[in-house]
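Scroll down for the structure; my scribbles are underneath it.
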Amino acid sequence: MSSKLGGKAKPLKQPKVDKKEYDEIDKANIQKKKDEEKAIKELKAKAQQKGAFGGSGLKKSGKK
């Protein structure tokens with residue numbers, strides 16, 4: 001086996017990411033998606049404050 005197994009391994013270098021150029025349509029779509037995600041997060045936060053929907057949940061009958 002190799003004698004260089006000991007010690008700390010160096011992390012692999014990540015390739016540099018080129019910045020993409022967006023046109024107006026792409027920018028509008030990205031902004032729209034961010035707005036939708038923000039609205040969904042707000043709705044989830046409101047739903048958690050109110051508690052469970054419908055109150056008691058599933059109702060069970062007394063019959064066997």
Side-chain angles (χ1 to χ4, degrees):
M1 296 291 165
S2 177
S3 63
K4 294 185 178 183
L5 292 177
K8 191 173 185 181
K10 292 184 180 180
L12 298 175
K13 291 186 178 181
Q14 297 292 328
K16 292 185 180 180
V17 178
D18 295 331
K19 292 186 178 182
K20 296 181 180 179
E21 295 183 15
Y22 299 110
D23 60 355
E24 295 299 321
I25 297 171
D26 290 338
K27 288 180 182 178
N29 288 338
I30 291 171
Q31 185 64 34
K32 184 178 178 183
K33 192 171 186 180
K34 285 182 183 179
D35 292 341
E36 288 175 353
E37 288 176 0
K38 185 177 178 183
I40 290 172
K41 284 183 182 179
E42 290 174 359
L43 289 174
K44 283 183 181 179
K46 277 187 179 180
Q48 287 178 349
Q49 290 174 354
K50 290 184 179 180
F53 293 108
S56 63
L58 297 175
K59 294 184 180 179
K60 295 183 179 179
S61 65
K63 299 178 184 178
K64 286 189 177 183

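Residue numbers start at 1 and run along the sequence shown.
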Approximate separation, where rounding is to 0.5 Å, of Lys44 NZ and Lys41 NZ
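Reported to 0.5 Å precision, the distance equals 9.0 Å.
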Rounded to the nearest 0.5 Å, how far does CG of Asp23 lie from CG of Asp26?
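Going from the CG atom of Asp26 to the CG atom of Asp23 covers 4.0 Å.
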Who passes side-chain hydrogen bond (donor to acceptor under 3.5 Å, both in side chains) against Gln31, sequence neighbours left out?
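Expected list: Asp35.
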Decide yes or no for Ile30 and Lys34: does some side-chain heavy atom of the first lie under 4.5 Å from some side-chain heavy atom of the second?
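Of all side-chain heavy-atom pairs linking Lys34 with Ile30, at least one is under 4.5 Å.
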